[in-house]
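Structure first, commentary second.
Note that ligands are numbered from 1 as they come in the structure, with each ligand's atoms numbered from 1 the same way. Numbering starts at 1 and runs along the sequence shown.
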Amino acid sequence: MNPTELPSLPGLHHVSAICGDPQRNLDFYVGLLGLRLVKKTVNFDDPGSYHLYYGDAVGSPGTLMTFFAWTQVPPLATAQGRTGANQIASVTFAVPDGSLSFWVDRLADRAVDFEGPKTRHDEVFLAVKDPDGMTVHLVERGPVGGEGDWAGGTVPEAHRIQRVDGIAMIVRDRSATEAFLRERMGFRRLGPKGDVTRLALGEGRAESRLDLVADPEAPSGRMGRGAIHHVAWRAATEQDEARWREALVEAGYGVTDMRDRRYFQSIYFHEPAGVLFEIATDGPGFLVDEEPGELGSSLALPPWLEARRASIRARLPEVVNRHLR
Ligand code: ZN
């Protein structure tokens with residue numbers, strides 16, 4: 001399995017995490033961070049719970065942050081996640097150059113605790129916890145661009161989150177994961193800084209970074225509210241994804257069949273430290289079942305769940321997007 005002989009993966013597609021109260025989650029990501037709710041659907045593998053997708057105006061690959069809402073998992077103590085070894089520890093969003101002072105003021109005005117501005121790899125960033133305790137970083141990275149604008153955004157365009165810049169992963173042993181990322185998946189090594197090795201995938205504005213944090217003493221993590229479930233990397237087409245699947249299988253990795261996620265097609269596998277990776281196709285995208293102006297405005301279900309709409313809806317708590325201008 002040689003990444004130079006495979007179709008290149010253009011960068012990060014989405015990051016998925018677990019949250020508790022979906023309304024509180026929406027209020028944070030839309031009301032405070034200014035992302036767009038681009039799809040309100042259910043977890044296709046567990047239709048009794050929401051799957052919320054946030055992103056830019058049209059839900060472009062690389063801008064997507066998604067949440068599975070665990071609302072029916074008592075008790076709270078065991079449903080709470082814990083970040084630890086062999087897990088994704090944080091998500092970084094890219095904001096335009098010069099906009100961090102806006103974000104400092106915005107967080108302070110709303111009495112949201114944050115740390116920073118701090119410096120990492122010669123870049124300035126803020127660190128904030130979402131309502132379930134997930135760590136979110138905001139880093140200045142490049143000019144305003146892309147498809148950020150839509151009528152309902154709560155953040156002025158000049159300061160708006162541009163895309164998901166990357167993730168940080170904590171691993172006890174860096175070597176196997178780094179070798180996998182570089183030799184199997186085609187990541188470039190941007191350089192080590194202390195215990196953090198920064199890797200990158202994709203070019204230009206689509207460049208996504210993965211910080212590998214080596215911590216041999218890190219306690220085990222636990223999946224649950226506030227924990228990051230997986231990261232998905234982009235494949236341009238289904239054909240590209242099928243070739244990656246074939247190569248991973250040939251190299252001896254356990255890979256799922258291609259799964260229809262309605263807005264993209266996905267395969268899943270674990271990298272050597274056990275973090276769940278996905279490869280997701282760029283298409284068909286979020287306009288497949290809603291008009292651009294209507295994205296996220298109603299409960300979207302795939303055709304195979306449509307017949308169960310009434311019973312599914314009856315089990316879901318009401319979630320209202322009250323942040324539309
Ligand atoms: Zn996913």
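- Closer than 2.8 Å to the Zn ion (ligand 1) sit the protein N, O or S atoms H14 NE2, H230 NE2, E278 OE1.
- For the 3.5 Å distance criterion, the side chains of N25 and Y54 qualify, holding a donor opposite an acceptor.
- A donor-acceptor contact closer than 3.5 angstrom links the side chains of R205 and Q162.
- Donor-acceptor pairing under 3.5 Å is recorded for the side chains of T135 and K129.
- Nearest heavy-atom pair, D260 versus W304, reported as atom, atom and distance to 0.1 Å: O-CH2, 3.4 Å.
- Between R184 and E271 no salt bridge is recorded (no basic side-chain N to carboxylate O distance below 4.0 Å).
- For the pair R198 and E123, the salt-bridge criterion is met [side-chain N within less than 4.0 Å of a carboxylate O].
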